[in-house]
Amino acid sequence: MGAAARGVDFGLTAAEAVAQVREHRPDVVFLCSPNNPTGTALDPAVVAAVLDAAPGMVIVDEAYAEFARPGTVSALAVLPGHPRLVVTRTMSKAFGFAGGRLGYLAADPAVVRAVQLVRLPYHLSTLTQAAARAAVAHRDALLGTVSAIMAERDRIVATLRERGLRVADSDANFVLFEVGGDQTVVWNALLAQGVLVRDVGLPGWLRVTAGTSAETDAFLAAMETVT
Ligand SMILES: Cc1ncc(COP(=O)(O)O)c(C=O)c1O
């Protein structure tokens, strides 16, 4: 198992992805779109090229797909005719149901049958299934905050860029931004002002999750004093 490298801007082109698949010839390729911690969705051409080049299964993790910017193409669009493609999603993010521990996948019926064969018995409790069914029945209410979070996310990206910071394009509910110095110093300075962001271990970069409008205001005001 290995992790393939991304470019300096954290992007992944079809040519780079294919070169790495050819080099490692993995049984399973995981593509994360939108990616964590960068937040950027993959160009569908990358998924298509990897599907062509990969000798085995290609799993596209779309945990944050509901937050993607308009026009972003889901790998679901290329499922027909690609029996080695699996698209995974979760109810943890847009549904705000992380405590339910409920993920799901879309794939060719043959793949779904194979998964049914090897899955553990009672892998999802009856109560979890009932809660998930209720969540799906009330999806409009549960997904109602997604557009508000996307608006806050876009405001964070635009404001930090206006202030001259490098920011990764985000199709998720978080934003990866360059602090212009030691990220641990900025992380501590933000915390001292009551703002908790995430240090994901990328030197010089931090990740902030989009929440309410007041939280964005607090984050942006704190950033003005620390960078
Ligand atoms: C990219 C990505 N995929 C999948 C997950 C899994 O979420 P969960 O295990 O809550 O379904 C996460 C959680 O942070 C994630 O960031």
Side-chain angles (χ1 to χ4, degrees), residues 1-7 9-12 17 20 26 28-44 46-47 50 54 57-69 72-79 85-107 111-112 115 118-120 122-136 138-139 142-143 145-146 149-150 152-153 156-157 167-177 183 187 196-202 205-211 215:
M1 207 160 107
R6 283 174 174 257
D9 64 348
F10 308 121
L12 189 63
Q20 299 192 50
V28 183
V29 178
F30 282 92
L31 295 172
C32 197
S33 180
N35 187 42
N36 187 3
T38 60
T40 318
L42 282 175
D43 182 337
V46 176
V47 179
V50 168
M57 303 298 290
V58 176
I59 300 178
V60 183
D61 174 339
E62 292 195 349
Y64 297 94
E66 292 90 344
F67 298 100
R69 288 168 297 171
T72 306
V73 180
S74 164
L76 292 173
V78 286
L79 256 186
L85 172 63
V86 176
V87 183
T88 61
R89 297 241 177 141
T90 176
M91 295 192 81
S92 292
K93 314 294 178 187
F95 278 87
F97 191 45
R101 310 309 309 134
L102 200 138
Y104 55 98
L105 63 81
V111 175
V112 174
V115 170
V118 296
R119 72 168 172 80
L120 295 173
Y122 307 114
H123 64 303
L124 275 184
S125 78
T126 310
L127 291 178
T128 301
Q129 292 181 50
R133 289 173 69 107
V136 170
H138 296 279
R139 58 182 164 278
L142 286 163
L143 295 176
T145 54
V146 168
I149 289 171
M150 287 168 65
E152 295 306 322
R153 182 256 336 259
I156 293 169
V157 171
V167 182
D169 286 334
S170 179
D171 294 293
N173 62 342
F174 52 78
V175 176
L176 187 75
F177 60 98
Q183 85 280 4
W187 186 88
L196 179 62
V197 298
R198 183 165 290 198
D199 182 347
V200 293
L202 284 173
W205 295 75
L206 290 171
R207 200 195 81 173
V208 62
T209 299
E215 285 166 345

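Note that this is a predicted model, so its numbers are computed, not measured. Whatever order the structure lists ligands and atoms in, that order sets their numbers, starting from 1.
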Colleague: Donor-acceptor pair, Thr40 side chain versus Asp169 backbone, under 3.5 Å?
Modeller: yes
Colleague: For the residue pair Phe10 and Thr38, what are the closest heavy atoms and their distance?
Modeller: CB-CG2, 3.4 Å
Colleague: Considering non-hydrogen atoms of the protein only, which is the closest contact for atom 2 (C) of ligand 1, and what is the distance?
Modeller: Asp61 OD2, 3.5 Å
Colleague: Provide the number and element of each atom of ligand 1 under 4.0 Å from a heavy atom of Ala63.
Modeller: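 The atoms of ligand 1 under 4.0 Å from a heavy atom of Ala63 are 2 (C), 3 (N), 4 (C).
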Colleague: Considering the heavy atoms of Tyr64, write down every atom of ligand 1 situated less than 4.0 Å from one of them.
Modeller: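 The list of qualifying atoms is 1 (C), 2 (C), 14 (O), 15 (C), 16 (O).
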Colleague: Who's the nearest protein heavy-atom neighbour of atom 9 (O) of ligand 1, and how far?
Modeller: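 Here the nearest protein heavy atom works out to Arg101 NH2, 2.8 Å.
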Colleague: Judged by atom type as modelled, is there a donor-acceptor pair below 3.5 Å linking the side chain of Asp61 to the main-chain atoms of Thr88?
Modeller: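 Not a single qualifying donor-acceptor pair exists.
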Colleague: Is Gly103 near ligand 1, meaning one of its heavy atoms is under 4.0 Å from it?
Modeller: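 False for this residue.
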Colleague: So which heavy atom in the protein is nearest atom 8 (P) of ligand 1, and how far is it from that ligand atom?
Modeller: Ser92 OG, 3.4 Å
Colleague: Nearest heavy-atom pair of Asp199 and Leu206: which atoms, and what distance?
Modeller: CA-CD2, 3.7 Å
Colleague: Rounded to the nearest 0.5 Å, what separation is found between the CD1 atom of Ile149 and the CG atom of Asn173?
Modeller: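 Reported value, rounded in 0.5 Å steps: 6.0 Å.
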Colleague: Determine whether any heavy atom of Met91 lies closer than 4.0 Å to an atom of ligand 1.
Modeller: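 No; Met91 lies far enough from ligand 1 that no heavy-atom distance drops under 4.0 Å.
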Colleague: Could you check atom 13 (C) of ligand 1 against the protein and tell me its nearest heavy-atom contact, residue, atom and distance included?
Modeller: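 Protein heavy atom at minimum distance: Lys93 NZ, 2.7 Å.
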Colleague: Does atom CZ (Arg133) have a neighbourhood of more than 12 heavy atoms from anything else shown, all under 6.0 Å?
Modeller: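 Open: at most 12 neighbouring heavy atoms sit under 6.0 Å from CZ of Arg133.
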Colleague: Considering all heavy atoms of both residues, which atom of Ala75 and which atom of Glu62 are nearest to each other, and what is their separation?
Modeller: N-OE2, 2.7 Å
Colleague: Write out the residue and atom name of the closest protein heavy atom to atom 11 (O) of ligand 1, then the distance separating them to 0.1 Å.
Modeller: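 That would be Thr90 OG1, 2.6 Å.
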Colleague: Using every non-hydrogen atom in the two residues, find where Ala107 and Leu85 come nearest and quote the distance to one decimal.
Modeller: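 Scanning both residues completely, I find the closest heavy atoms to be CB-O, 3.7 Å.
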Colleague: Please list the nearest protein heavy atom to atom 1 (C) of ligand 1 with its residue and the distance rounded to 0.1 Å.
Modeller: Cys32 SG, 3.4 Å
Colleague: Below 4.0 angstrom from a heavy atom of Asn36, which ligand 1 atoms are there? Numbered from 1 as shown, please.
Modeller: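 It comes down to these atoms of ligand 1: 1 (C), 16 (O).
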